[in-house]
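Just so it is clear: chains get the letters A, B, ... in the order the sequence lines come, proteins before strands, and each one is counted from 1.
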Protein chains: 2
Amino acid sequence: MTTIKDVARMAGVASSTVSCVLNDKGNVSEPTRIRVLEAASQLNYVRHGPASELKRNSTQTIGIIVHDMSSPYFSDLVNGIETVVMSHGYDMIVCSSLGGEKSTAHRYIRERRIDGAIVIAQNIQDQLLIEASEAGFPIVVMDRDLDAQHIVKVLMSDTQGGYLATRYLIDKGHRTIAYISGPSQSECNLHRYQGYLKALKEAGIEENPEWKIGGQYMKQDGYDAAKKLLEGELPSAVFFANDEMAIGGLEAFREHNISIPEQLSVIGFDNIPASQYMNPPLTTFRQPKRDAGQLAGHVLFQLLNGEIVETLYTLDIQCVERDSVRLLNLS
Amino acid sequence: MTTIKDVARMAGVASSTVSCVLNDKGNVSEPTRIRVLEAASQLNYVRHGPASELKRNSTQTIGIIVHDMSSPYFSDLVNGIETVVMSHGYDMIVCSSLGGEKSTAHRYIRERRIDGAIVIAQNIQDQLLIEASEAGFPIVVMDRDLDAQHIVKVLMSDTQGGYLATRYLIDKGHRTIAYISGPSQSECNLHRYQGYLKALKEAGIEENPEWKIGGQYMKQDGYDAAKKLLEGELPSAVFFANDEMAIGGLEAFREHNISIPEQLSVIGFDNIPASQYMNPPLTTFRQPKRDAGQLAGHVLFQLLNGEIVETLYTLDIQCVERDSVRLLNLS
DNA sequence: CTGTTAGCGCTTTCAG
DNA sequence: CTGAAAGCGCTAACAG
């Protein structure tokens, strides 16, 4: 392994000079600069990261914490973060929080192997985050309700999303709207539901308990829910708490020859890739993930620079209008 | 920041003893062990990663290199790797190769901030990989044709995949099979096509050039290709080089009231999530990504231990049988 | 069984 | 403008 000393020796200067040249620091005359650079490239020198990190007490990298790598859900988010991290000359790595205390995420945060973190994972303990942030480690959490002094939250509000989705249907003239819910432990489902209720109330519509059916966010649940709906009086629109269930629902309706959107309007939530391939293409709502990622990145760097920032940022949900909703004649 | 020395002082021992206790090394009497542990937890001590890495000259972490984080394609693969990395007590991080020389992937590999890498990205230069591996840095590449002394390849053979897919149709009695190809620069498309030709030839079937139509792997391309197919004489089956195009094709056929699979059989490739939601659910072929990930992980650790390993591993493609292919009456 | 010691490779004063 | 020297926090001999 070739070190800074080898380069120094070859260029006939001190190792400190080499360091200055390589880091563009301070005052080095052009001739020595060149000599050093040449020696370095001759010897194929690359700095040893950990040594540099130790000395600087900074890793110049920020970590994205995800609950497991398998979720395509995070793609856009991570992409948004990446652009801003790169523009700051920093590195970015993704760490999984799978494995609790022994997870890479835990270790990297606690051992200072990253300079800051954006937390997407929901399953990492508040404890760790609070402790770390109190020790001066900057943290931004996404879509998580964590109140702690030094932690910044970025939310893509599901409550507002549920509200907007329902409003959308109401604005199209629908007054009888079913809600097919996700798992009752799911916070985001809860929020979407609350938004739904709010919109209903605002429009002076009573909730009909028969039109609230529970599911687990899976396609099959949507299918089952639709079947159940078909047993009673049909509403004019159905709000599925996520696209996957909506897709299952579409299938059930097709089996019963209910044509969408002529006889029944359907919306989903999330805008998963498959939603556009449906027949009809599914109208759904999407979170502005890329923007949220960029925002989170910006805020993190502000934190890193010791700037004062808001402690909560909220982004608006967006409507992806396709062909599964019908405009009702308003009487 | 509390260091090992603080702990040592508090416990009334030398810092080396603390190190031994914390790393479960060598000989420390039970009483001192306990005293040290208590002092450490009292002071809320956490070791400084970079310092430890510098000293050990090892980071105990391996890197997964991806071309960008946005591809859900890699989920299973990464998952497979993760299980084996964790079982070795190592950490795993995902690095993007986006940004060329300045990408996190480049830096982490060159600066020795990881102990080894599994490369999924196709856009990272051979150069870097070869140099690193020759310097003793273990590398496993996935699905990439890179011949270098010290690099291990894990392939999920597309040639064999194309062959198997075509054989599948032939075995169901189809003799007229169209191939809707991906981009001509795409290696995996090329391989799938070669596999297709091989199966045809083996069955004594001539290729019909009218039934080979080019696309770019997008849904729209599949749609267009299907339209073109509909202008001439229809084959009895169509092999789309990927699911996305197959989905577009399905749409075109539906518009022309061609019922699948009664009038025409269709297969795709990749087993993307949307494929199961199609009408009819799409029969397709999948790469054993999870297994491949595990294999890659295993091999990497063997490399890390200096064990001798094969330089090439190949995994078989698997058929996901759904409802888009009809069994023809064999006459 | 425990403590002393000598660095790992790098950056950064600070004096020449 | 350049170099000598100190030391980041940790680990691994090795001597007591």
Side-chain angles (χ1 to χ4, degrees), chain A residues 1-37 39-40 43-61 107-108 110-115 135-137, chain B residues 1-40 43-61 89 107-108 110-115 135-137:
Chain A
M1 220 226 151
T2 126
T3 79
I4 206 174
K5 280 186 188 163
D6 301 323
V7 179
R9 197 175 315 123
M10 180 158 180
V13 297
S15 60
S16 54
T17 310
V18 177
S19 176
C20 285
V21 172
L22 264 23
N23 296 299
D24 269 332
K25 281 263 169 58
N27 320 306
V28 182
S29 68
E30 198 53 21
T32 28
R33 232 182 69 81
I34 297 191
R35 233 166 350 115
V36 168
L37 255 19
L43 293 172
N44 226 311
Y45 170 79
V46 210
R47 101 185 156 157
H48 185 78
S52 163
E53 293 173 9
L54 168 60
K55 185 64 195 178
R56 298 177 117 105
N57 197 23
S58 149
T59 59
Q60 303 283 103
T61 116
R107 295 216 269 236
Y108 268 63
R110 295 177 29 102
E111 299 184 358
R112 303 306 179 91
R113 287 156 81 168
I114 46 182
D115 288 354
F137 182 89
Chain B
M1 220 227 149
T2 125
T3 78
I4 205 172
K5 279 186 188 163
D6 302 323
V7 179
R9 197 174 316 122
M10 178 157 181
V13 298
S15 60
S16 55
T17 310
V18 177
S19 176
C20 284
V21 171
L22 264 23
N23 296 300
D24 270 333
K25 282 261 169 62
N27 320 306
V28 182
S29 68
E30 198 54 20
T32 28
R33 232 181 69 83
I34 297 191
R35 234 167 346 116
V36 168
L37 255 18
E38 267 177 3
L43 294 171
N44 226 312
Y45 169 80
V46 211
R47 99 185 157 159
H48 185 78
S52 162
E53 292 174 9
L54 168 59
K55 185 63 193 179
R56 300 175 113 107
N57 196 22
S58 149
T59 60
Q60 305 282 105
T61 115
R107 294 217 269 237
Y108 268 63
R110 293 178 29 102
E111 298 184 358
R112 301 310 178 89
R113 287 156 80 168
I114 45 181
D115 288 353
F137 182 89

Check your understanding: Could R35(B) and E38(B) be called an ion pair, given the rule that one side-chain N must be under 4.0 Å from one carboxylate O?
Key -> no
Revision key, fill the gap. Per atom distances to the I4(A) side chain, the nearest of dT2(D), dG9(D), dT11(C) is dT11(C)
Revision key, fill the gap. Rounding to 0.5 Å, atoms OG1 (T2(A)) and CZ (R9(A)) come to a distance of 9.5 Å
Exercise for review: State whether S52(B) places a side-chain N or O below 4.0 Å from either non-bridging phosphate oxygen (OP1 or OP2) of dT11(D).
Suggested key: yes
Practice item. Let me know the distance between CG of N23(B) and P of dA13(D), rounded to the nearest Å. Key: 13 Å
Check your understanding: Of the nucleotides dG3(D), dT11(D), dG9(C), which one has an atom closest to the side chain of A14(A)?
Key -> dG3(D)
Exercise for review: To the nearest Å, give me how far apart NZ (K5(A)) and C1' (dA5(D)) are.
Suggested key: 11 Å
Check your understanding: dG3(D) phosphate, OP1 or OP2: any side-chain N/O from T17(A) under 4.0 angstrom?
Key -> yes
Check your understanding: On a plain distance test, is the side chain of S16(B) in donor-acceptor contact with the base of dT4(C) below 3.5 Å?
Key -> yes
Check your understanding: Which whole-number value in Å describes the distance from R35(B) CZ to dC1(C) C1'?
Key -> 12 Å
Review point. Is T3(B) near enough to dG9(D) that one of its side-chain N or O atoms lies under 4.0 angstrom from OP1 or OP2?
Key: no
Check your understanding: Rounded to whole angstroms, how far apart are CG on N57(A) and P on dA6(D)?
Key -> 22 Å
**Study point:** Side-chain donor/acceptor contact of K55(B) with base of dG9(D) under 3.5 Å
**Key:** no
Practice item. Would you give the length of the straight line joining atom CD1 of I4(A) to atom CZ of R47(A), rounded to the nearest 0.5 angstrom? Key: 10.5 Å
Revision key, fill the gap. Taken to the nearest whole Å, CZ/R112(B) to C1'/dC8(C) is 14 Å
Check your understanding: Counting just side-chain N and O atoms, does R47(B) come under 4.0 Å of either OP1 or OP2 of dC10(D)?
Key -> no
Practice item. Take atom CD of Q60(B) and atom C1' of dT11(D), then tell me their distance rounded to the nearest Å. Key: 13 Å
Exercise for review: Check L22(B), T32(B), V7(B) against L37(B) for a side chain to side chain contact (heavy atoms under 4.5 Å, CB included) and give me the one that passes.
Suggested key: L22(B)
Check your understanding: Taking OP1 and OP2 of dC1(C), is either one under 4.0 Å from a side-chain nitrogen or oxygen of S29(B)?
Key -> no
Review point. Roughly, in whole Å, what's the span from CD in E53(B) to P in dT11(D)?
Key: 11 Å
**Study point:** Touch class at under 4.0 angstrom, heavy-atom based, for K25(B) against every strand present
**Key:** sugar-phosphate
**Study point:** Nearest-0.5 Å distance, OG1 of residue T59(B) to CG of residue D115(B)
**Key:** 3.5 Å
Review point. In whole angstroms, how far is the P atom of dT11(C) from the NE2 atom of H48(A)?
Key: 11 Å
Practice item. Assign each of E30(B) and A51(B) to its nearest nucleotide of DNA chain C by heavy atoms, then name whichever residue's nucleotide is nearer the 5' end. Key: E30(B)
Review point. Are any non-hydrogen side-chain atoms of R113(A) and E53(B) less than 4.5 angstrom apart?
Key: yes
Practice item. Kindly say if T32(A) contacts the phosphate of dC1(D), meaning a side-chain N or O under 4.0 Å from OP1 or OP2. Key: no
Study note, to complete from the structure: Comparing nearest nucleotides in DNA chain C, the 5'-proximal residue of the pair S15(B), R56(A) is S15(B)
Exercise for review: Give one of base, sugar-phosphate or nothing for G12(B), where a contact means two heavy atoms less than 4.0 Å apart.
Suggested key: sugar-phosphate
